[in-house]
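This report concerns only the one structure given below.
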Amino acid sequence: MDGISQAILEHADGAGTRGVAMGQLVDALVGRGYSAEAIEQAIWALLGARRLTPSGFLCRHIRRRDALGEVVQTRCYELLLAPWSSELDHQLDLDLAAEDEVDEDEDDHAP
């Protein structure tokens, strides 16, 4: 395992089962000299390899002014990341194929 991946897993492990926000993780490792792009790529690779898993998310409310000076509020969602565990990983088993079958069955019975 390369140094950046090890650093990501160590930082995520330090946050416990609640996880660490992806943005906080990137910021912390940028402070250690890694580039943001390299950290982001390594995070996605660790998610794909099931070494890291989402443990939840944060919802931030962001206020800004639009072109007319009016305050606009939007939501921004950010993943919380934790080291892989079978309990957390199970949440990703969405069984989307089964949902497609249910949708098709409902379409068959539509008036």
Check: residues 61-68 side-chain donor-acceptor pairs under 3.5 Å, at least two apart:
unit_1: His61; atom_1: ND1; unit_2: Gln73; atom_2: NE2; d: 3.1
unit_1: Arg63; atom_1: NE; unit_2: Gln73; atom_2: OE1; d: 3.2
unit_1: Arg65; atom_1: NH1; unit_2: Gly69; atom_2: O; d: 2.9
unit_1: Asp66; atom_1: OD1; unit_2: Leu68; atom_2: N; d: 2.9
unit_1: Asp66; atom_1: OD1; unit_2: Gly69; atom_2: N; d: 3.0
unit_1: Asp66; atom_1: OD1; unit_2: Glu70; atom_2: N; d: 2.9

Minimum heavy-atom distance Ser55-Ala82, with the two atoms named
CB-CB, 4.0 Å
Smallest separation among heavy atoms of Ala12 and Leu81, with atom names:
CB-O, 4.1 Å
Will you find, in the side chains of Gln41 and Glu37, an N or O donor that is under 3.5 Å from an N or O acceptor?
no
When you compare the side chain of Pro54 with that of Leu47, does any pair of heavy atoms fall below 4.5 Å?
yes
Stepwise, does the side-chain contact (heavy atoms from CB on, under 4.5 Å) test hold for Leu29 with Ile8?
CA-CA 8 Å; Leu29 295 182; Ile8 290 167; 3.3 Å; yes
Between Arg60 and Leu58, is any pair of side-chain heavy atoms under 4.5 Å apart?
yes
Heavy-atom nearest pair, Ile43 first then Val26, reads CD1-CG2, 4.0 Å
With a 4.5 Å heavy-atom cut-off, do Leu25 and Asp27 have their side chains touching?
no
Correct closest heavy-atom pair for Met22 and Trp44 would be CE-NE1, 3.8 Å
Shortest non-hydrogen pair, Ser5 vs Leu46, comes out as O-CD1, 3.9 Å
CG (Leu52) and CG (Leu79) are apart, to the nearest 0.5 Å, by 9.5 Å
Other hydrophobic cluster members with Tyr77, side-chain heavy atoms of Ile/Leu/Val/Met/Phe/Trp/Tyr under 4.5 Å, chained?
Phe57
Looking only at heavy atoms, the pair that brings Trp84 and Thr53 closest together is CA-CG2, 3.9 Å
Could you walk me through whether Leu80 and Val20 pass the side-chain contact (heavy atoms from CB on, under 4.5 Å) test, one step at a time?
CA-CA 5 Å; Leu80 293 173; Val20 61; 6.0 Å; no
